[in-house]
Protein chains: 2
Amino acid sequence: MAVTIKDVARLAGVSASSVCRTLADPGAVLPGTREQVEKAVRELGYYPNRAARGLSTGRTGNLGVVLPDLANPFFASVVKAAQTQARRLDYAVFLSDIDEDPAVETLLIRALAKQVDGFLLCSPRSSDDELRAFAGHTPIVLLNRRIGPFPSVTVDAADGMRQALTHLHALGHRRVAYVAGPRSSWSNRERLRGLRAVAGTLGVDLVEVGNVPPTVEGGVSIADVVLASTVTAVLAYNDLTALGLLNRFHARSVAVPGDISVIGFDGILLSALVSPALTTIAVEMDRIGRVGVDLLLETMTDPGRTPIRRVLPAQLIVRASTGPARPS
Amino acid sequence: MAVTIKDVARLAGVSASSVCRTLADPGAVLPGTREQVEKAVRELGYYPNRAARGLSTGRTGNLGVVLPDLANPFFASVVKAAQTQARRLDYAVFLSDIDEDPAVETLLIRALAKQVDGFLLCSPRSSDDELRAFAGHTPIVLLNRRIGPFPSVTVDAADGMRQALTHLHALGHRRVAYVAGPRSSWSNRERLRGLRAVAGTLGVDLVEVGNVPPTVEGGVSIADVVLASTVTAVLAYNDLTALGLLNRFHARSVAVPGDISVIGFDGILLSALVSPALTTIAVEMDRIGRVGVDLLLETMTDPGRTPIRRVLPAQLIVRASTGPARPS
DNA sequence: CAATCTCCTGGAAACGGTTCCAGACTGACC
DNA sequence: GGTCAGTCTGGAACCGTTTCCAGGAGATTG
């Protein structure tokens, strides 16, 4: 059926070992042999079976990427960048969307473990112990989560929140809501932690509402609660949630930023396109994916090294959804 | 290192064959044996190596999904649905984003071919001949492209365009622009074809501009050309392009739909969130992915059968970006 | 010219499974 | 009790590739 190394060997009149050697290191073989082999490879359109190679070498050439929701542009951008970087380094990518379900996450990681050389776990929802168990078998790099012994790529959410709340404070806001994302999300806890700290420093009243799913629907569903909380500004867990808020506010004829200011998180493309354009705390999504792959490959080649924990900057982008506080 | 079938066999005190049998068909083995094996499996946390299994059985349990751009929410939704359906049927998914580059597409398909049981090609940019060559080795299903001998899932773009142009015609529009997407895109040609046909019937002047990349930037870049063409309405290749148009129109203080009406294609989530909310020709993105996987599995189990070509409906969703034609 | 060394090659084993085949054991039937 | 069918088991071969090892050929040296 498919053309194998033996077919090439037969056509070239050499052994399978020689074909293999030619492909791995053309210099290790006589020029005549190499020529024969290369000719046969071309003629048959031979391409090595990487799964079989993986069996021999213990190196599959595959990476696993696990994420909560591909419909979230944040993750789509991250995985796109990761995939591109992986391809550049000659790795293929197994993708798993777990639909925000931690149980699926565990199962999938186990099922895929033998087929990949390492995992990129985006915002993993599993417990620390489960992660430790995975890491025992396969190298992992965490994106958007930072715990003990794992290499990770995260965002300086506290600093982002500082920029955002400072911005709101300067506009006169003194009572601000935070719409919390999934309880099991490390980023959510981290954002909230940063926010609490700076709220204390600035003397801003922080009202926490939620938790909601990190989607537009989540934002829509909590918008009325936000309005009822008599705040003059609201920070959302992420841009999708913020867009949901904007949408519901618009439907209820609540002016943004006239009646209430809104700030998102992530800096997805859409945030610039809605009107009013969303003020947001932007992160470099591409870079998260790219750096994640780089870190994973380093971890794979040298599993003993001290895990690197990269923290990328967050940057407030002020657009049209924030303005002076409505006098109360 | 990793736990293999032999470890299980040793612990259970049986042969590897028996372990294999127990796992494949528990009824084929004595209850005592089964118990021992199952106990050992649990104890060791054994999970079969699917790549190794693939070598023996010729069935890898993997599907390849190839798409032009994951940052486009249309493809993200399609692949999310495909991945979910694949997982339900116990397949894992190899993902490849080719960044709109046909050369990458060819290379990737070849490289992955031995590792997957079939390919789902989303809006493939390769030539018909290349596709035929791929299909000789591995089953493929085309999404968003319909040619000769391949199973495919497409959208009734002509009918969508009919609905859209009828809508515009009823609003008094007589001169309408179409912003063309990538030249190599079958959907683009198909949409244009449908549009031309119905424009002829309705007596609407069709102005074709582009081609542009199917992105927001593409829309932004062509917006001024659209304005200069003195049309009262514009249909974009897809929603992203339409959003780009809206964005640029807004920046130039061109009123939508007061000065010009805008219609998109795909029905991505964002189209409902911008303001004015985008009138669009919506397709069932989830269903494309799901049906694509189903078709692929059917093709894999019965390669000889007549290829099924599913055409899904398109549905005009009228929102706020279309209105009566400005009298000229 | 023989001995050594280098370079290249083919054969064989291994990776982790699956599956075919032959043999051992059980129970039933005559 | 012997035969036979049927059930269950372990051994071996195989999937496609890599890698180790031994050996052969040619070149180099004494």
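Chain letters run A, B, ... following the sequence lines, proteins first and then strands; every chain starts at 1.
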Walk me through it: do A:Asp99 and B:Arg87 pass the test salt bridge (charged side-chain N to carboxylate O under 4.0 Å, His left out)?
CA-CA 12 Å; A:Asp99 248 331; B:Arg87 175 153 44 82; 5.0 Å; no

Side chains of A:Thr154 and A:Arg146: is there a donor and an acceptor less than 3.5 Å apart?
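Their side chains do contain a donor-acceptor pair, which is all the 3.5 Å distance test asks for.
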
[N] OP1/OP2 closer than 4.0 Å to side-chain N/O of [X]:
X	N	result
B:Tyr47	C:dG17	no
B:Ser15	D:dG11	no
A:Ser56	D:dT18	no

Less than 6.0 Å separating the ring centroids of B:Phe119 and B:Phe134?
no

Write down the distance between [atom1] ([X]) and [atom2] ([N]), rounded to a whole number of angstrom.
X	N	atom1	atom2	answer
A:Arg59	D:dT18	CZ	C1'	13 Å
B:Arg21	D:dA12	CZ	C1'	13 Å
B:Ile5	C:dG16	CD1	P	11 Å
A:Tyr46	D:dG16	OH	P	10 Å
B:Lys6	C:dG16	NZ	C1'	7 Å
B:Gln115	D:dC15	CD	P	19 Å
A:Arg50	D:dT17	CZ	P	12 Å
B:Arg10	D:dG10	CZ	P	14 Å

Residue whose closest nucleotide on DNA chain D lies nearer the 5' end, A:Asn49 versus B:Gly27
B:Gly27

Hey, which of these two, B:Ala16 or B:Ala52, hits DNA chain D nearer its 5' end, going by closest nucleotide?
B:Ala16

Looking only at the side chain of [X] (C-beta and beyond, no hydrogens), which of the listed nucleotides [options] gets closest?
X	options	answer
B:Ser17	D:dG11, C:dG10, C:dG17	D:dG11
B:Val29	D:dT18, D:dT9, C:dT9	D:dT9
A:Leu30	D:dT9, C:dG10, C:dC8	C:dC8
B:Thr4	C:dG17, D:dG16, D:dT18	C:dG17

Give the intermediate values and the outcome of salt bridge (charged side-chain N to carboxylate O under 4.0 Å, His left out) for residues B:Arg290 and B:Glu284.
CA-CA 10 Å; B:Arg290 195 155 27 82; B:Glu284 301 165 273; over 6 Å; no

Please figure out whether B:Ala24 or B:Leu55 has its closest DNA chain C nucleotide nearer the 5' end.
B:Leu55

Could you walk me through whether B:Glu43 and B:Lys39 satisfy the salt bridge (charged side-chain N to carboxylate O under 4.0 Å, His left out) test, starting with their C-alpha distance in whole Å, then the side-chain angles of each, then the deciding distance to 0.1 Å, before giving a yes or no?
CA-CA 6 Å; B:Glu43 240 165 80; B:Lys39 183 157 158 289; 3.6 Å; yes

